[in-house]
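First comes the structure, then the notes that go with it.
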Number of protein chains: 2
Amino acid sequence: MKGTKVTFDSDKLNYSSELMRALAHPLRLKILDYIDNHKSINVNKIYSSLELEQSITSQHLKILRMAGVVSVEVSGKFHIYQINYDVIEKASFAVNRFVGKA
Amino acid sequence: MKGTKVTFDSDKLNYSSELMRALAHPLRLKILDYIDNHKSINVNKIYSSLELEQSITSQHLKILRMAGVVSVEVSGKFHIYQINYDVIEKASFAVNRFVGKA
DNA sequence: AACAAATATTAAAAAAAAATGATATTTGTT
DNA sequence: AACAAATATCATTTTTTTTTAATATTTGTT
């Protein structure tokens, strides 16, 4: 085992940076925070409470969905979002790898 | 205290998303990983070991520096980088807020 | 069936981030 | 002083994200 020593393999690396990207936006953190505070909540509540555009909210939710960070449950007209805590936890090693080393 | 319930204030929110942004790139995670594995290391070692362009490496290091994630110590010709574990730890709440809730 | 509410999708424009290639700066060496 | 090594910076182009505004889709209601 010689040469470059890399702890992360490429896949793990890309996976984590994707999650980081999903979180790397103030509005998305805000939205996540809001969903978290409500356990599960529909889109209208999110954007009206946070005073965001419907469209923007929907698009950011899509990004969070694609990253696996949240999931939706459709209930009639309403789309109810919730956080996939396990996904965040699984991907958090990208950050937590450095925690506790200070 | 009525209306929108927000756990994060704007400043905290922007601060965390900035850190997330710094981490939201595969090369930067790779570079961080490499520095971590070597405790402290100069730029040439980083980019030659990881087979990256000097310029790219330098620019990514700058982004990490700006975010406070790493710091440099100049020693003659060499710029020696190391990780600011405490900064990462401080900012990790943006992720870790959701950890342990699954 | 017509309509409104809730949400998503899309197209276009604007802004930000990344990559590329070249040049500049600093320091150590001959 | 000239030169090379180490690193940073800069300008340009390319790519990706974000925003904006409009339209489409689905479902529930009258």
Side-chain angles (χ1 to χ4, degrees), chain A residues 10 13-32 34-35 38 40-83 94, chain B residues 4 10 13-35 38 40-83 94:
Chain A
S10 268
L13 230 131
N14 289 327
Y15 173 58
S16 346
S17 62
E18 261 172 51
L19 184 88
M20 292 300 117
R21 257 208 322 271
L23 300 181
H25 193 288
L27 287 187
R28 288 198 290 272
L29 285 184
K30 200 169 184 176
I31 289 170
L32 273 182
Y34 189 78
I35 299 175
H38 291 76
S40 73
I41 189 98
N42 69 293
V43 180
N44 180 65
K45 283 269 176 57
I46 297 172
Y47 76 77
S48 56
S49 299
L50 299 179
E51 303 182 56
L52 304 174
E53 291 279 334
Q54 179 270 316
S55 170
I56 293 247
T57 306
S58 211
Q59 282 172 115
H60 282 303
L61 284 171
K62 184 178 192 174
I63 290 169
L64 293 171
R65 247 188 292 128
M66 303 283 84
V69 170
V70 300
S71 50
V72 215
E73 206 186 306
V74 179
S75 168
K77 281 202 293 189
F78 300 91
H79 290 198
I80 297 171
Y81 278 80
Q82 51 205 80
I83 295 185
Chain B
T4 305
S10 267
L13 230 131
N14 289 326
Y15 173 60
S16 347
S17 62
E18 260 172 51
L19 184 88
M20 292 298 119
R21 256 208 321 271
L23 301 180
H25 193 290
L27 287 188
R28 288 197 290 272
L29 286 184
K30 201 170 184 173
I31 290 170
L32 274 182
D33 181 59
Y34 188 78
I35 299 174
H38 291 74
S40 73
I41 189 98
N42 70 293
V43 180
N44 179 64
K45 282 271 177 53
I46 297 173
Y47 76 77
S48 55
S49 299
L50 300 179
E51 303 181 53
L52 304 174
E53 291 279 335
Q54 179 271 316
S55 170
I56 293 243
T57 306
S58 211
Q59 282 173 115
H60 281 302
L61 283 170
K62 184 178 192 174
I63 290 167
L64 292 171
R65 245 188 294 130
M66 303 283 85
V69 169
V70 300
S71 49
V72 215
E73 205 187 305
V74 178
S75 167
K77 280 202 294 188
F78 299 92
H79 290 198
I80 297 172
Y81 278 80
Q82 50 205 79
I83 296 184

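Order of the sequence lines fixes the chain letters, A, B, ..., with proteins taken first and strands second; residue numbering starts at 1 for each chain.
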ask   = Should A:Val43 and A:Val72 count as side-chain neighbours, where that means a heavy-atom distance under 4.5 Å?
value = no

ask   = Do A:Ile31 and A:Leu52 have side-chain heavy atoms sitting under 4.5 Å apart?
value = yes

query = Would you find a donor on one side and an acceptor on the other, under 3.5 Å apart, between the side chain of A:Ser49 and the backbone of A:Ile46?
reply = no

query = What distance do A:Lys30 atom NZ and A:Ile35 atom CD1 have between them, rounded to the nearest 0.5 Å?
reply = 13.5 Å

Nucleotide pairing, DNA chain C (Watson-Crick or G-U, distances under 3.5 Å), in dot-bracket with [ ] and | = ||||||||||||||||||||||||||||||

Write out a two-atom table: protein N or O, nucleotide N or O from nucleotides 8-12 of chain C, distance below 3.5 Å.
from: C:dA8; atom 1: OP1; to: A:His79; atom 2: ND1; distance (Å): 3.2
from: C:dA8; atom 1: OP1; to: A:Tyr81; atom 2: OH; distance (Å): 2.7
from: C:dA8; atom 1: OP2; to: A:Ser58; atom 2: OG; distance (Å): 2.6
from: C:dA8; atom 1: N7; to: A:Gln54; atom 2: NE2; distance (Å): 2.7
from: C:dA8; atom 1: N6; to: A:Gln54; atom 2: OE1; distance (Å): 3.1
from: C:dT9; atom 1: O4; to: A:Ser55; atom 2: OG; distance (Å): 3.3
from: C:dT10; atom 1: O4; to: A:Gln59; atom 2: OE1; distance (Å): 3.3

key: Between CD on residue A:Glu18 and CG on residue A:Leu13, distance to nearest 0.5 Å   = 11.0 Å

message = Working to the nearest 0.5 angstrom, can you tell me the gap between A:Ile80 CD1 and A:Ser75 OG?
response = 4.5 Å

inquiry  = From CD1 of B:Ile56 over to C1' of C:dG21, roughly how many Å is that when rounded to an integer?
reply    = 11 Å

remark   = Taken to the nearest 0.5 Å, the spacing of B:Ile41 CD1 from B:Ile83 CD1 works out to 11.5 Å

request  = Can you tell me the distance, in whole Å, between the CD1 atom of B:Ile31 and the C1' atom of D:dT7?
outcome  = 14 Å

query = Rounded to the nearest 0.5 Å, how far apart are CG of B:Leu23 and CG of B:Leu19?
reply = 4.5 Å

query = Between B:His60 (NE2) and D:dA8 (P), how many Å, whole number?
reply = 13 Å

task = Provide, to the nearest angstrom, the distance between the CG atom belonging to B:Leu52 and the P atom belonging to D:dT7.
result = 14 Å

inquiry  = A:Gln82: which residues meet the side chain to side chain contact (heavy atoms under 4.5 Å, CB included) condition with it, sequence neighbours left out?
reply    = A:Ser40, A:Ser71, A:Glu73

task = Can you sort out the partners of B:Tyr47 under side chain to side chain donor-acceptor pair (under 3.5 Å), two or more places apart, ordered by chain and number?
result = B:Asn44

task = Could you grab the distance from atom CG of A:Leu50 to atom OH of A:Tyr34, nearest 0.5 Å is fine?
result = 6.5 Å

Between side-chain atoms of residues 57-66 of chain A and protein atoms elsewhere (two or more places apart, or another chain), which donor-acceptor pairs fall under 3.5 Å?
from: A:Thr57; atom 1: OG1; to: A:Glu53; atom 2: O; distance (Å): 2.7
from: A:Gln59; atom 1: NE2; to: A:Ser55; atom 2: O; distance (Å): 3.3
from: A:Gln59; atom 1: NE2; to: A:Ser55; atom 2: OG; distance (Å): 3.3
from: A:His60; atom 1: ND1; to: A:Arg28; atom 2: NH1; distance (Å): 3.0
from: A:Arg65; atom 1: NE; to: A:Tyr81; atom 2: OH; distance (Å): 3.1
from: A:Arg65; atom 1: NH2; to: A:Tyr81; atom 2: OH; distance (Å): 3.4

ask   = For the pair made of CD in A:Glu18 and C1' in D:dT16, what is the distance, rounded to whole Å?
value = 14 Å

Just the table, please: protein N/O against nucleotides 2-5 of chain C N/O, every pair under 3.5 Å.
from: C:dA5; atom 1: O4'; to: A:Lys77; atom 2: NZ; distance (Å): 3.4

remark   = From CD of A:Glu73 across to C1' of D:dT27 the rounded distance in Å is 16 Å

task = Could you check how far CD of A:Glu53 sits from C1' of D:dT18, rounded to whole Å?
result = 13 Å

Close N or O pairs between protein and nucleotides 14-17 of chain C (under 3.5 Å):
from: C:dA17; atom 1: OP1; to: B:Arg21; atom 2: NE; distance (Å): 3.3

task = Specify the closest pair of heavy atoms between B:Ala94 and B:Met20, including all atoms of both residues, with the distance to one decimal.
result = CB-CE, 4.2 Å

message = Does a side-chain N or O of A:Asn42 approach OP1 or OP2 of C:dT7 to a distance below 4.0 Å, or not?
response = yes

Those residues that, when tested against B:His79, pass ring pair (Phe, Tyr, Trp, His ring centres under 6.0 Å) (two or more places apart) = none

request  = Please report, rounded to the nearest Å, how far the P atom of D:dT16 is from the CG atom of A:Asn14.
outcome  = 14 Å

